[in-house]
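The structure appears right after this line, and notes come after that.
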Amino acid sequence: MITVEHLTRSYGGFTAVDDVSFACRPGRVTGFLGPNGAGKTTTMRIIVGLTPATSGQALVGGHRYVDIPNPGRHVGVLLDAGAQHGGRTGREILTIGAQTMGLPSSRVEEILATVGLNEDESRRRLKHYSLGMK
Ligand SMILES: Nc1ncnc2c1ncn2[C@@H]1O[C@H](COP(=O)(O)OP(=O)(O)OP(=O)(O)O)[C@@H](O)[C@H]1O
Ligand SMILES: [Mg+2]
């Protein structure tokens with residue numbers, strides 16, 4: 001469960017996120033829609049602790065993201081598919097993630113199989129991936 005309560009984020013005199021409240025219930029696919037510049041990315045950055053809120057709060061499983069030990073094991077997030085280094089292979093990116101989170105290397109194989117990247121594709125560099133492969 002993701003709970004956002006009265007979230008507001010201001011930059012100087014400009015309000016990027018204005019008193020936003022919602023809940024994403026477990027087992028549901030939740031769409032987060034709005035015009036360009038509506039504040040969607042800022043809201044999601046606040047949920048995962050990349051941007052501080054001006055007021056209000058965001059909880060994941062009842063906890064603030066910053067209070068979750070080893071949060072990568074509980075929260076998967078990809079705000080920008082182009083944010084990964086283009087020179088790394090898919091396999092390398094997953095391996096770095098697994099090592100950071102203290103997961104066995106077998107998880108890399110499991111996730112490659114889950115997303116449908118074969119052996120050859122997993123060893124290609126991200127800059128040569130299609131959007132969906134990223
Ligand atoms: N660091 C920042 N400093 C100043 N203004 C910012 C900053 N980050 C975002 N904004 C402003 O906050 C508003 C919301 O931006 P945000 O990126 O959250 O929108 P969005 O809903 O994700 O838009 P899009 O659909 O285009 O991705 C925009 O007007 C943006 O210019
Ligand atoms: Mg955005």
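Model, not experiment: these values are computed from the prediction. For the single chain, residues carry numbers from 1 onward in sequence order.
Side-chain contact between Arg73 and Leu103 is present, with heavy atoms from C-beta onward closer than 4.5 Å. Between Arg9 and Thr51 there is a side-chain heavy-atom pair separated by less than 4.5 Å. Considering only heavy atoms from C-beta on, Leu59 comes within 4.5 Å of Arg64 through its side chain. Inter-residue side-chain proximity for Leu79 and Leu50 is flagged as met; some heavy-atom pair is nearer than 4.5 Å. Counting heavy atoms from C-beta on, the side chains of Val77 and Met44 never come closer than 4.5 Å. In this structure the side chain of Tyr129 reaches within 4.5 angstrom of the side chain of Leu117, judged on heavy atoms.
Side-chain atoms of Lys40 come within 3.5 Å of backbone atoms of Gly34 as a donor-acceptor pair (strictly under, hydrogens ignored). Without hydrogens or angle criteria, Thr8 side chain to Asp19 main chain gives a donor-acceptor distance under 3.5 Å. The main-chain N or O of Ile96 is never found under 3.5 Å from a side-chain atom of Gln99 such that the two would form a donor-acceptor pair. Judged purely by atom type and a 3.5 angstrom limit, Thr15 has no side-chain atom pairing as donor or acceptor with the backbone of Ser10. Put simply, the side chain of Tyr65 never gets that close to the backbone of Ile46: no donor and acceptor are under 3.5 Å apart.
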Report the C-alpha separation of Phe32 and Thr43 in whole Å, then their side-chain angles, then the decisive distance to 0.1 Å, and conclude whether the side chain to side chain contact (heavy atoms under 4.5 Å, CB included) test is met.
CA-CA 10 Å; Phe32 191 28; Thr43 299; 3.9 Å; yes

Evaluate the criterion side chain to side chain contact (heavy atoms under 4.5 Å, CB included) for residue pair Arg124 and Met133; output intermediate values, then yes/no.
CA-CA 11 Å; Arg124 276 158 59 188; Met133 291 164 82; 4.3 Å; yes

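Closest approach of Ala58 to Val4, counting heavy atoms only: CB-CG2, 4.2 Å. The two residues Pro104 and Ala98 have their closest heavy-atom pair at O-CB, 4.4 Å. Contact record, Arg91 with Glu119: NH2-OE1, 3.1 Å, taken as the closest heavy-atom pair. Minimum heavy-atom separation, Ile93 to His85: CD1-O, 4.3 Å. For the pair Leu7 and Ala53, the tightest heavy-atom approach, listed with the atom from each and the gap, is CD1-CB, 3.8 Å.
Rounded to the nearest 0.5 angstrom, Ile2 CD1 and Arg28 CZ are separated by 14.0 Å. Of the inter-residue distances, the one linking Gln84 atom CD with Leu78 atom CG reads 7.0 Å to the nearest 0.5 angstrom. In this structure, the separation between CZ on Arg123 and CG on Leu112 is 9.0 Å, given to the nearest 0.5 Å. Arg88 CZ to Lys127 NZ: the interatomic distance, rounded to the nearest 0.5 Å, is 12.5 Å.
Within a 6.0 Å sphere centred on NE2 of His63, heavy atoms belonging to other residues, nucleotides or ligands number 12 at most.
Linking ILVMFWY residues whenever their side-chain heavy atoms come closer than 4.5 Å, directly or via other members, leaves Val17 and Tyr11 in distinct clusters. Under the 4.5 Å side-chain heavy-atom criterion for Ile, Leu, Val, Met, Phe, Trp and Tyr, Ile68 and Met1 are members of distinct hydrophobic clusters.
Taking 4.0 Å as the cut-off between side-chain N and carboxylate O, Glu92 and Arg125 do not count as a salt-bridged pair.
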